[in-house]
Amino acid sequence: MPFTPALRAEALKIRTLRPLYGTLPAVFLVVTAFSALAAGAADPGSDPLFASLSGVWPGQIAAIVFGALTVSAEYHGNAIRLSLAAVPRRGRWFAAKLTAVAVPVLVVGLVTGLTALFTARAVLGGAAAGLSAGEQARGVLGCGIYLMLIALFAAGLTALFRSGVATLSTLVPFILVVSFVIGDAAGSAARFLPDQAGQVVLHQTSDGPLGPWSGLAVTAVWAAAALAAGAWRLCTRDA
């Protein structure tokens, strides 16, 4: 099967998986709500861009769930055997699956970032006056790209583990707890962890070793490594 029909088939699968129905709306709602709350609680001297987009931290969990469940559904009831029978070239099938994950998360992430920014700016009022148009555009674009990369990271790990539960039980505690514990112990080295590196783009200024785009590049490397490992597992093991 060529790539385009394979992509359409994978997109159709996503639309028919009930457990996924609430994940992308949850990204939008959680990021927007938490960003508005953070903006309301922000100190006068705090970073207005990060206050406007800080809901990405809890909201990314829904993006992780989306990436993990989209891939793990293939391992329920041996559905992957049917998928690979339709698309015998496993690399092509995996690319279609990942595209079906990446595109909706990117679109939702961009819409979410824009909505969260405007909502939080209304709460911040004059405190957000110092934000330039370029900084705001970078924050919105970075929000979408970061959420897409973290969803792909989860998708790659799920293909490697062949289990969504294993991915979620590893990645969610890491993002919410372990990353910050390591950060306290490892100092600047922790800035290269996938979540901390990627979220630099959400700050107005950066005082660490990474800038906005180099931070996203680090997250992209983590995601690429997970996807490469998942592809290797997929192509070298029996379905």
Side-chain angles (χ1 to χ4, degrees), residues 1-24 26-27 60-109 144-176 178-179 193-195 197-198 216-239:
M1 182 185 293
F3 178 78
T4 300
L7 176 58
R8 283 199 292 264
E10 294 307 321
L12 179 61
K13 288 180 188 177
I14 289 176
R15 292 198 296 271
T16 57
L17 286 172
R18 291 187 178 181
L20 294 178
Y21 284 178
T23 52
L24 294 183
V27 172
Q60 68 185 320
I61 302 304
I64 290 170
V65 172
F66 179 81
L69 292 185
T70 300
V71 176
S72 68
E74 296 290 340
Y75 298 100
H76 295 161
N78 290 321
I80 192 169
R81 294 185 178 180
L82 297 176
S83 298
L84 295 180
V87 189
R89 298 184 63 175
R90 297 187 179 197
R92 178 179 295 173
W93 173 80
F94 196 45
K97 174 69 75 176
L98 296 178
T99 304
V101 171
V103 171
V105 176
L106 176 61
V107 172
V108 169
I145 294 174
Y146 173 75
L147 289 172
M148 178 190 70
L149 290 174
I150 210 71
L152 288 174
F153 187 34
L157 289 179
T158 303
L160 175 63
F161 298 149
R162 300 168 69 94
S163 168
V165 173
T167 296
L168 296 176
S169 62
T170 300
L171 196 52
V172 171
F174 176 83
I175 293 292
L176 294 181
V178 178
S179 177
L193 293 173
D195 57 322
L216 277 178
V218 169
T219 304
V221 169
W222 280 90
L227 293 173
W232 169 82
R233 182 76 184 274
L234 175 67
C235 294
T236 58
R237 295 293 297 273
D238 292 336

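Numbers here simply count residues along the sequence, with the first being 1.
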Rounded distance (nearest 0.5 Å) linking atom CG of L157 with atom CG of L227: 8.5 Å
Nearest heavy-atom neighbours spanning T170 and F161: OG1-CE1, 4.3 Å
Pairwise distance CZ(R18) to OH(Y21) - rounded to 0.5 angstrom: 6.0 Å
Nearest heavy atoms of C235 and G91, plus distance in Å: SG-N, 4.5 Å
Any side-chain heavy-atom pair of I61 and L176 under 4.5 Å: yes
Exercise: identify the closest heavy-atom pair between A73 and L17: CB-CD1, 3.8 Å
Polar side chain donor-acceptor pair, S83 to K97, under 3.5 angstrom: no
Polar side-chain atom of T167 near backbone of T158 as donor-acceptor pair, under 3.5 Å: yes
pair I80-W93: side-chain heavy atoms closer than 4.5 Å: yes
Interatomic spacing from CZ in R162 to CG in L234 - rounded to 0.5 Å: 8.0 Å
CD1-CG distance between I150 and L171, expressed to the nearest 0.5 angstrom: 6.0 Å
Rounded distance (nearest 0.5 Å) linking atom CG of L147 with atom CZ of F66: 12.0 Å
Atom of A62, atom of A26 and distance for their closest heavy-atom approach: CB-CB, 3.9 Å
Backbone of P194 reached by a side-chain donor or acceptor of T219 within 3.5 Å: yes
Sequence neighbours excluded, every pair satisfying side-chain hydrogen bond (donor to acceptor under 3.5 Å, both in side chains) that has a member inside residues 146-157: Q60-Y146, Y146-Q199
Nearest heavy-atom neighbours spanning A159 and G230: CB-CA, 3.7 Å
Heavy-atom check, side chain of P104 versus side chain of V107, under 4.5 Å: no
A100: side-chain contact (heavy atoms from CB on, under 4.5 Å) partners, not counting sequence neighbours: L7, E10, I14
Separation between CH2 of W232 and CG of L160, rounded to the nearest 0.5 Å: 7.5 Å
Shortest non-hydrogen contact between L98 and A155, atoms and distance: CD2-CB, 4.0 Å
